[in-house]
Amino acid sequence: RCEDAERLVSEMRKAGVVPDIVTYNLLISAYSRSERLADAVRTYSLALKEGLQPTTVTFSALVAAYAAAGRTPEALEAFAQLEQQEALGLKLDTKAYCGLMAVYKEAGMAEEAERTLRRMIAAGVPPNTVAYSCLVHAFGREGRLEDATRVFEEMLSADDGGSCAPDVQAFNILMAAYGQQGLSGHVSRLFRSMLAHGLAPDVVTYNTLIQACKQAGQPRQAEQVLAHMLTHGHCRP
RNA sequence: ACGAGUAC
């Protein structure tokens, strides 16, 4: 699919259509998803050489490309470049900050992820469910369940029209965190809370529940989860 | 139009 994109771009050129920054952003993102960091970076340089002005999306895509390759320092550097460009009119938006938080999450730097969230809010950039979920996950990964729960509760009590309210994925993230510690009781409590919030569990929810049963050494409970999925679930195993 | 968060 990267190859298809490349072919398309070269056909564009032959047809006299000049690629713009969005074209390059798309390529960078496609390479990133294919874990082709070198190609992503080369494409970024190419865009600069073409005299194109990188956008917030360009840098976000670059950050994601470095992060996908596990290159934390370079990812942070790419975000720093975006911040430099703030003086030149680029805006740090919610997705850009979330990308940075994801880098910290992957790197096991939950404190930095939280600092980023607070900084975003202080800067007047509206946080959302993704930003909070990312932080919950960052703490969860480090086994810091109290912090993960504290952040999750902040999502529940956030009074901003629901833009930070936990969705299915947010519940899944916290459930997985508890499940990894073998705390299946907390996991099923969260599951009930999820239903009470009117959210429909998805396959990942059920997989997470079953994994939690496994982790806690409760094979019978796992069967009950499967039964629940088959009878009440709006999804298939 | 393009970029961000889950289970195995």
Side-chain angles (χ1 to χ4, degrees), chain A residues 1-2 5 8-9 12 17 19-33 40 43-44 47 52-68 75 78-79 81-82 85 90-107 110 113-114 116-117 120 125-141 148 151-152 155 163-180 184 187 190-191 194 199 201-215 222 225-226 229 233 235 237:
Chain A
R1 107 149 273 228
C2 286
L8 214 57
V9 171
M12 275 174 64
V17 181
D20 69 357
I21 191 62
V22 173
T23 315
Y24 285 98
N25 291 348
L26 283 161
L27 282 171
I28 292 168
S29 163
Y31 286 129
S32 170
R33 276 193 294 271
T43 303
Y44 168 69
L52 293 169
Q53 194 54 238
T55 63
T56 303
V57 173
T58 311
F59 287 105
S60 292
L62 251 193
V63 168
Y66 282 119
F79 187 85
Q81 282 189 45
L82 170 57
Q85 303 271 330
L90 287 197
K91 296 277 183 236
L92 299 195
D93 62 11
T94 304
K95 287 186 181 184
Y97 278 110
C98 284
L100 178 61
M101 292 179 66
V103 170
Y104 286 131
K105 178 206 69 185
E106 290 296 333
E114 175 141 33
T116 300
L117 176 66
M120 143 172 44
V125 175
N128 62 11
T129 300
V130 174
Y132 277 97
S133 301
C134 196
L135 185 54
V136 170
H137 195 193
F139 281 124
R141 279 180 55 107
V151 174
F152 189 81
M155 298 174 79
S163 66
C164 297
D167 57 10
V168 172
Q169 195 167 324
F171 272 95
N172 291 349
I173 287 167
L174 188 59
M175 282 170 42
Y178 276 101
Q180 276 155 19
S184 57
V187 176
L190 279 165
F191 179 65
M194 174 173 165
L199 296 170
D202 61 12
V203 207
V204 175
T205 308
Y206 287 109
N207 288 346
T208 303
L209 281 165
I210 291 169
Q211 173 66 21
C213 294
K214 175 194 159 191
Q215 198 69 25
V225 172
L226 181 61
M229 162 160 50
C235 56

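In what follows, chains are A, B, ... by sequence order, proteins preceding strands, each numbered from 1.
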Q | Partner set under side-chain hydrogen bond (donor to acceptor under 3.5 Å, both in side chains) for A:E114, not counting sequence neighbours | A | A:R118, A:R150

Partners meeting side chain to side chain contact (heavy atoms under 4.5 Å, CB included) with [X] (sequence neighbours left out):
X	value
A:S29	A:R33
A:Q81	A:Y44, A:F59, A:E77
A:C2	A:A30, A:Y31, A:S34, A:R36

If you look only at distance, which donor and acceptor atoms sit under 3.5 Å apart when one is on a side chain in residues 90-105 of chain A and the other is two or more places apart or in another chain?
residue	atom	partner	partner atom	Å
A:D93	OD1	A:K95	N	3.4
A:D93	OD1	A:A96	N	2.9
A:T94	OG1	A:P126	O	2.7

Q) Going 5' to 3' along nucleotides 3-8 of chain B, which nucleotides have protein heavy atoms under 4.0 Å from the base (write B), which only from the sugar-phosphate (write S), and which from neither (write -)? A) BBBBBS

